[in-house]
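The structure displayed is predicted, hence computed values, not measured ones.
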Amino acid sequence: MAKVVLEKVNKIYDGKVHVVKDNDLIIADKEFMVLVGPSGCGKSTTLRMIAGLEEITSGKIYIDGKVVNNVQPKDRDIAMVFQNYALYPHMTVFNNMAYGLKLRKLPKTEIKKMVGEAAEILGLEELLERKPKALSGGQRQRVALGRAIVRHPKVFLFDEPLSNLDAKLRVQMRAEISKLHKRLNTTIIYVTHDQVEAMTMGDRIAVLHEGLIQQVDTPLNLYDHPKNMFVAGFIGSPSMNFIKGKLEKKDGIQFSAPGIMLTVPKQFHDKLKNHLGKEVLMGIRPENIKIEKAAKTKALVEVVEPMGNEIIFFCAIEDNKFLLREEERIFTKPGENISVSFKMEFAHYFDLDTGDSINYDLK
């Protein structure tokens, strides 16, 4: 297994399109690291540079302590699983999984043993004589995983491997890949645009935006302690609400916006004192806004989305739009007015100019 290190890595296309910008990242041996972000943020390009499929414009990539900038992909001891499976349609499952081993001219008995072990891990024993066209999407993805496993590489690279599967199968395959990581005890670098995948699978997550790594942390720390507005808004579903208002010194500190006056807990006062009298963005997650009859703040319900296990309410207070999430079945209809309370101990405050968190505090 291996540690992977990115040191000031850049990728510039045609001398002008800067898609990966001076990024540093350390992926520990046996770690499951997820690279997450919207389309075009540079995550797949970063993965392809680690694999050797894209040339690095500048910087260094280390695998197992060795600089691999000029090492051919086949010599990096990595295995990559692609979004489209990349199986040979004319070969059986067995031969697809064995192909790389045959190229290495391993003995037939050893190849049979290695493919058999991988097939057992992935539940493919009954499918070894089938061809890809006779397999479901989930089965094809397992074959692609098997082809990677048999090679016993130092690092596994996954490039959005579940995006072609339906929702139910994606959930199943997430669990299978997580179990596979624990069983193989190997280094995995996994690219996805789906923050739910990232949150449920990664030991740590690197959030990318416009070619820059915004924050690297555990899933819960990213959720509870985002460094900036982008991370706060990207991690979490439904995403964090942002309300523009002013911090005022009045009976402590108050956050005020049209139709809203909320008391800021004392634990934030020291970090917010330099922003008194200034406009900021307050961020608060939908589960931290509650419908309470005794609350003083009034809101208009615009849309109600019953999800079965929860209800999402799209609300407005004057021009401020926000979502709240309730697990109780509260039967409120669009057009009705409700009283809402904000759990201000869970609020975040962001600088309007930089987007950085004012009260960021990693615990």
Gap between atom [atom2] of [Y] and atom [atom1] of [X] - 0.5 Å precision:
X	Y	atom1	atom2	value
N96	L128	CG	CG	11.0 Å
Y13	K16	OH	NZ	14.5 Å
H193	L208	NE2	CG	14.5 Å
H348	D224	NE2	CG	7.0 Å
M344	M282	CE	CE	5.0 Å
T332	I291	OG1	CD1	5.0 Å

Quick check: do [X] and [Y] have side-chain heavy atoms less than 4.5 Å from each other?
X	Y	result
P238	F314	no
Q214	K227	no
N241	L323	yes
N164	R140	no
P258	D319	no
K3	T187	no
V143	M97	yes
I260	L262	yes

Looking at [X], I'd like to know if its [atom1] atom is crowded, meaning that more than 12 non-hydrogen atoms belonging to other residues, nucleotides or ligands lie closer than 6.0 Å.
X	atom1	result
R104	CZ	yes
N309	CG	yes
E345	CD	yes
E327	CD	no
K102	NZ	yes
I330	CD1	yes

Is there a path of hydrophobic side-chain contacts, each under 4.5 Å between heavy atoms, that joins [X] and [Y]?
X	Y	answer
I27	I78	yes
L106	I149	yes
V19	I50	yes
L47	F82	yes
V196	I177	no

Determine whether a donor-acceptor pair (N or O, by modelled atom type, separation under 3.5 Å) exists between the side chain of [X] and the backbone of [Y].
X	Y	answer
E160	S44	no
K60	K8	no
R285	Y223	yes
N359	Y349	yes
N69	G59	yes
R151	G100	no
S239	G236	no
K43	G37	yes
N228	G355	no

Inset, instruction - Give every residue pair that meets the ring pair (Phe, Tyr, Trp, His ring centres under 6.0 Å) criterion with at least one member in residues 237-256, sequence neighbours excluded. - result: F242-F350

Inset, instruction - If a pair satisfies ring pair (Phe, Tyr, Trp, His ring centres under 6.0 Å) and one of its residues is in residues 320-344, list it, with sequence neighbours excluded. - result: F322-F342

Inset, instruction - Report yes or no: do Q254 and T263 form a side-chain donor-acceptor pair below 3.5 Å? - result: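 Result is yes, a qualifying pair exists.
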
Legend entry - Any donor-acceptor N or O pair under 3.5 Å, side chains N10, T57: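 Result is no, nothing qualifies.
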
Inset, instruction - Write down the atom of I311, the atom of R329, and the distance for their closest heavy-atom approach. - result: CD1-CA, 3.7 Å

Inset, instruction - Quick one: closest heavy-atom pair of Y360 and P226, and the distance? - result: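 Reported closest heavy-atom pair: CD1-O, 3.6 Å.
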
Inset, instruction - Could you pull out all residues at least two apart from R147 that satisfy salt bridge (Lys or Arg N to Asp or Glu O under 4.0 Å)? - result: none

Legend entry - Criterion side chain to side chain donor-acceptor pair (under 3.5 Å) against S339, the qualifying member of K293, E292, K296, K298: K298

